[in-house]
Amino acid sequence: MPFTLATWNINSVRLRAGLVGHLLTEEAPDVLCLQECKSPVDKIPAETFADLGYPHLIARGQKGYNGVAILSRLPIEDLGHTDWCEMGDARHIAGRLENGVVIHNFYVPAGGDVPDPEQNPKFAHKLNFVAEMRDHFAAERPEKAILVGDLNIAPREDDVWSHKQLLKVVSHTPVETDHLAQAQEAGGWVDVTRKDIPEGQLYSWWSYRSPNWDSSDKGRRLDHVWASRDLAPAAHSSRILRAARGWEKPSDHAPVFATFDV
DNA sequence: ATGGTGGCATCGCCA
């Protein structure tokens with residue numbers, strides 16, 4: 001049975017519940033993973049989504065910051081979360097569909113502005129977080145699993161508008177892309193988006209601070225869909241819904257889609 | 001070299 005999954009950093013699920021509804025109605029993924037919900041779980045407008053055919057919701061939340069959720073048409077079992085870096089942040093949730101597929105939804109710390117862990121504790125936190133992901137998935141190799149989310153790292157040269165100009169910009173520094181590659185390798189994860197779209201510039205985020213985001217196109221691919229090695233051959237038809245970045249009062253991220261035949 | 005925008009725990013912090 002094929003199923004389609006999407007991941008989207010929504011930047012406030014309450015403010016943008018209408019946009020979420022629009023995506024569910026127009027694109028109808030079976031599963032939608034959200035990050036930066038910025039809401040306690042009991043204040044997520046779950047009924048709105050249930051009325052649109054998504055009665056299943058698992059989430060972790062906190063007031064104002066972070067927050068991850070999985071909306072699903074299909075029943076999903078809450079597998080809990082890991083408290084990465086023991087910060088108590090709502091940055092991860094895992095669930096299992098009835099077909100046995102496990103979904104990990106991550107919101108990796110952005111890391112602040114200065115790409116030096118000695119000078120900037122937020123950058124140190126980001127590197128530690130990704131190192132813990134590496135250790136976690138090295139200890140327990142994922143099978144029949146999908147990892148999605150805003151990983152806040154654009155790994156490839158063609159995942160940013162200018163490789164050269166972003167080498168010292170947080171999200172594309174070598175130490176970050178090395179850390180991400182190690183986490184990916186430790187779990188045997190396959191980058192599904194790049195498996196399906198191997199060539200060319202590809203972005204999922206455009207800063208709010210750039211007024212002409214579309215024409216200047218200074219984007220980065222910060223949002224990812226990975227599959228465990230056994231599941232990767234089932235993946236196809238990835239796409240990024242760039243148009244969503246141009247919707248009324250948009251998130252600064254566009255949703256990333258992948259379809260799996262499982 | 002700087003500042004640009006947006007959300008919220010809103011006058012400072014996060015992205």
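Chain naming here is simple, since letters A, B, ... match the order of the sequence lines and numbering starts at 1 in each.
- The stretch residues 161-174 of chain A does not touch DNA chain B, since none of its heavy atoms comes less than 4.0 Å from the strand.
- Partner of A:Asp159 under the side chain to side chain donor-acceptor pair (under 3.5 Å) criterion, chosen from A:Arg194, A:His172, A:Gln201: A:Arg194.
- The P atoms of B:dG3 and B:dA9 are separated by 28 Å, rounded to the nearest whole Å.
- Rounded to whole Å, the C1' atom of B:dA15 lies 14 Å from the corresponding atom of B:dG4.
- Taking atom CG of residue A:Leu19 and atom P of nucleotide B:dG6, one finds them 14 Å apart after rounding to whole Å.
- In the set B:dA15, B:dA9, B:dG7, B:dA9 carries the atom at the smallest distance from any side-chain atom of A:Arg14.
- Here the C1' atom of nucleotide B:dA15 and the CH2 atom of A:Trp205 are 9 Å apart, to the nearest Å.
- On the C1' atoms, B:dG7 is 23 Å away from B:dT2, given to the nearest whole Å.
- Dashed line: the shortest gap from a side-chain N or O of A:Arg16 to OP1 or OP2 of B:dC8 is not under 4.0 Å.
- Using a 30° and 60° split on the angle between ring planes, A:Trp205 and A:His253 fall in the tilted class, from 30° to 60°.
- One donor-acceptor pair, N or O on each side, does fall under 3.5 Å between the base of B:dA9 and the side chain of A:Tyr65.
- As rounded to whole Å, 9 Å separates atom C1' of B:dG7 from atom CD of A:Glu36.
- In this model, the phosphate group of B:dA9 is not approached by any side-chain N or O of A:Lys38 to a distance below 4.0 Å at OP1 or OP2.
- Where A:Lys122 and A:Pro250 meet DNA chain B, the nucleotide closest to each residue was compared, and A:Pro250 sits on the side nearer the 5' end.
- Looking at A:Arg141 and A:Asp230, no side-chain N of the basic residue comes within less than 4.0 Å of a carboxylate O on the acidic one, giving no salt bridge.
- Legend: salt bridge (charged side-chain N to carboxylate O under 4.0 Å, His left out) pairs involving residues 67-96 of chain A, not counting sequence neighbours, sorted by first then second residue: A:Asp30-A:Arg73, A:Arg60-A:Asp78, A:Glu77-A:Arg96, A:Asp89-A:Arg91.
- The side chain of A:Lys249 contributes no N or O atom lying less than 4.0 Å from OP1 or OP2 of B:dG6.
- Between A:Ser12 and B:dC8, a side-chain N or O to OP1/OP2 separation shorter than 4.0 Å is present.
- In this entry the distance linking NZ of A:Lys126 with P of B:dC14 reads 15 Å, nearest Å.
- Rounded to whole angstrom, the span from the CE atom of A:Met87 across to the C1' atom of B:dC14 amounts to 12 Å.
- With rounding to the nearest 0.5 angstrom, the OG atom of A:Ser251 is 9.5 Å from the CG atom of A:Leu34.
- B:dC14 atom P lies 21 Å from atom CG of A:Leu15, rounded to whole Å.
- Judged by closest nucleotide on DNA chain B, A:Lys63 is the one of A:Lys63 and A:Arg209 placed further toward the 5' end.
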One pair to check against side-chain contact (heavy atoms from CB on, under 4.5 Å): A:His136 and A:Trp84. What are the steps and the verdict? CA-CA 10 Å; A:His136 178 89; A:Trp84 309 87; 3.6 Å; yes
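- Taking atom CG of A:Asn212 as the reference point, atom P of B:dG4 lies 16 Å away to the nearest angstrom.
- Side-chain atoms of A:Arg91 lie closest to B:dA15 of the nucleotides B:dA9, B:dA15, B:dC8.
- Comparing the same atom, C1', in B:dG6 and in B:dC11 gives a spacing of 16 Å after rounding to whole Å.
- As rounded to whole Å, 17 Å separates atom P of B:dC13 from atom CD of A:Gln62.
- If you take OG on A:Ser210 and NZ on A:Lys218, they are separated by 7.0 Å, rounding to the nearest 0.5 Å.
- When the C1' atom is compared between B:dT10 and B:dT5, the two are found 16 Å apart, to the nearest whole Å.
- Between A:Gln184 atom CD and A:Asp191 atom CG the span is 5.5 Å, to the nearest 0.5 Å.
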